[in-house]
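Below: the structure, in structure tokens.
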Amino acid sequence: MRRTRDGHLLVELAKGVGSVEAAQKLSSAIATRLGEAVGAVCHIGQYAVVEIIDLDAVATEGEVLAALRAAIPGAENDQAAIYDRQSVQITGLWSTRSGQQIATARMTRASASVITRIPQLLKQTVLDQAISVVLVSEQLCNPMEDANWVSSDDNRCAVVAVGHSVPPIEDRDSGTGFAWIKLGSLVIYSCYYTPNCSVAEFEEYRSRSEDSIRVHRDCQVVVGGT
């Protein structure tokens, strides 16, 4: 326990699994005991700001916040997870010229490291469940260094070959709203187009997708997405 340069009282707890719960109990006890005698009791930790790009045009601040908090692992009664989720705050949300949105969020560094590793977590999950190919819609990020992760030109969807037994990708391509890979005689498409587009824009997207699919007449074609 020591006094800061600003004259505040700082209580430092040892690091460990129970440190978050202990800090919450201590701050609650101090605030309850002293009441209005103290200005505020708060936790001090390391925070980071994360930028989320290519959000749907109608996505709300509440929806983005809920999605980020849901991405943080941990049981509902896990005090550390509860603290990390409650620490997530949306600091900005604005539209781009392309009609999509960008958001910024403040969260603990631990939460930021988890959320920005979602592609790795996704791949590990599907490997554990013996899944070979995954179709991704509204992806949070595009891991450019991963040769088996093929994204659409607008980065809204992707098709990912991740299984240990999956054959090598023989060919691949993408367009606005779709991406595909060729595994032997099988071609797999991942498709996504925003529901906020006009009828004319959707018809153009559908025409481009159909033109791409027709090229694979001699293959089995699987199309999925939203």
Side-chain angles (χ1 to χ4, degrees), residues 20 24 40 42-123 125-126 134-144 149-160 174-179 189-206 208-209 223-226:
V20 173
Q24 291 175 330
C42 60
H43 301 157
I44 298 177
Q46 292 184 326
Y47 289 86
V49 175
V50 174
E51 185 176 88
I52 305 96
I53 63 173
D54 295 332
L55 291 170
D56 196 272
V58 297
T60 66
E61 182 176 313
E63 290 172 338
V64 177
L65 179 61
L68 291 173
R69 287 178 172 175
I72 297 174
E76 292 184 1
N77 59 349
D78 184 333
Q79 294 299 317
I82 292 173
Y83 173 73
D84 283 342
R85 293 180 187 124
Q86 292 177 343
S87 297
V88 180
Q89 300 294 330
I90 303 300
T91 57
L93 180 64
W94 64 92
S95 299
T96 65
R97 292 181 179 179
S98 64
Q100 298 169 335
Q101 295 187 98
I102 296 175
T104 53
R106 182 177 181 269
M107 62 190 71
T108 64
R109 289 190 178 275
S111 298
S113 66
V114 170
I115 289 175
T116 53
R117 286 192 298 111
I118 284 178
Q120 288 75 22
L121 295 174
L122 170 65
K123 294 181 68 174
T125 299
V126 298
V134 177
L135 307 184
V136 182
S137 294
E138 295 189 279
Q139 58 182 356
L140 293 177
C141 56
N142 179 20
M144 301 292 292
W149 189 297
V150 183
S151 298
S152 61
D153 290 356
D154 54 359
N155 290 326
R156 301 307 301 273
C157 62
V159 55
V160 190
S174 62
T176 301
F178 67 89
Y189 273 79
S190 177
C191 302
Y192 176 86
Y193 208 70
T194 174
N196 305 305
C197 66
S198 66
V199 174
E201 289 173 331
F202 180 76
E203 290 297 333
E204 182 181 353
Y205 154 72
R206 189 177 67 174
R208 290 195 305 266
S209 302
V223 180
T226 56

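The figures here come from the full heavy-atom set of this structure, side chains too, leaving out hydrogens, waters and symmetry mates. Quick caveat: nothing in here was measured; it's all calculated off a predicted structure.
- A donor-acceptor distance shorter than 3.5 angstrom exists from the side chain of Arg69 to the backbone of Arg85, with no hydrogens or angles considered.
- Minimum interatomic distance between Gly224 and Leu135 (heavy atoms only, all atoms of both residues): CA-CD1, 3.7 Å.
- Looking at every heavy atom in both residues, Ser152 comes nearest to Ala179 through N-CB, 3.7 Å.
- Applying the side-chain contact (heavy atoms from CB on, under 4.5 Å) rule to Thr104 yields the partners Val49, Glu51, Thr91, Trp94; only residues at least two apart in sequence or on another chain are considered.
- Formation of a donor-acceptor pair under 3.5 Å by the Gln101 side chain with backbone atoms of Ala57 is found in this model.
- Rounding to the nearest 0.5 Å gives a distance of 5.0 Å between CG of Leu65 and CD1 of Ile90.
- Using modelled atom types and a 3.5 Å distance limit, the side chains of Asp154 and Thr176 yield no donor-acceptor pair.
- Among all heavy-atom pairs drawn from Glu63 and Val58, the shortest one is OE1-O, 4.0 Å.
- Rounding to the nearest 0.5 angstrom, the gap separating the CD1 atom in Ile72 from the CD1 atom in Ile82 is 11.5 Å.
- A cation-pi arrangement is found for Arg106 relative to Tyr47, the charged atom lying closer than 6.0 Å to the ring centre and inside a 45° cone about the ring normal.
- Side chain of Gln89 to main chain of Gln86: a donor-acceptor pair is present (N/O by atom type, distance under 3.5 Å, no hydrogens or angles).
- A donor-acceptor contact shorter than 3.5 Å links the side chain of Ser190 to the backbone of Ala158.
- Tyr189 pairs by the side chain to side chain donor-acceptor pair (under 3.5 Å) definition with Ser212, His216, not counting sequence neighbours.
- Shown here for Val223 and Cys191, the closest heavy-atom pair between the two residues is CG1-SG, 3.7 Å.
- Between Gly177 and Tyr193, the closest heavy-atom pair is CA-CD1, 4.3 Å.
- Scanning both residues, Val50 and Ile52, for their nearest heavy atoms gives O-CD1, 3.8 Å.
- Side-chain N or O atoms of Ser151 include none that pairs as donor or acceptor with a backbone N or O of Asn155 at under 3.5 Å.
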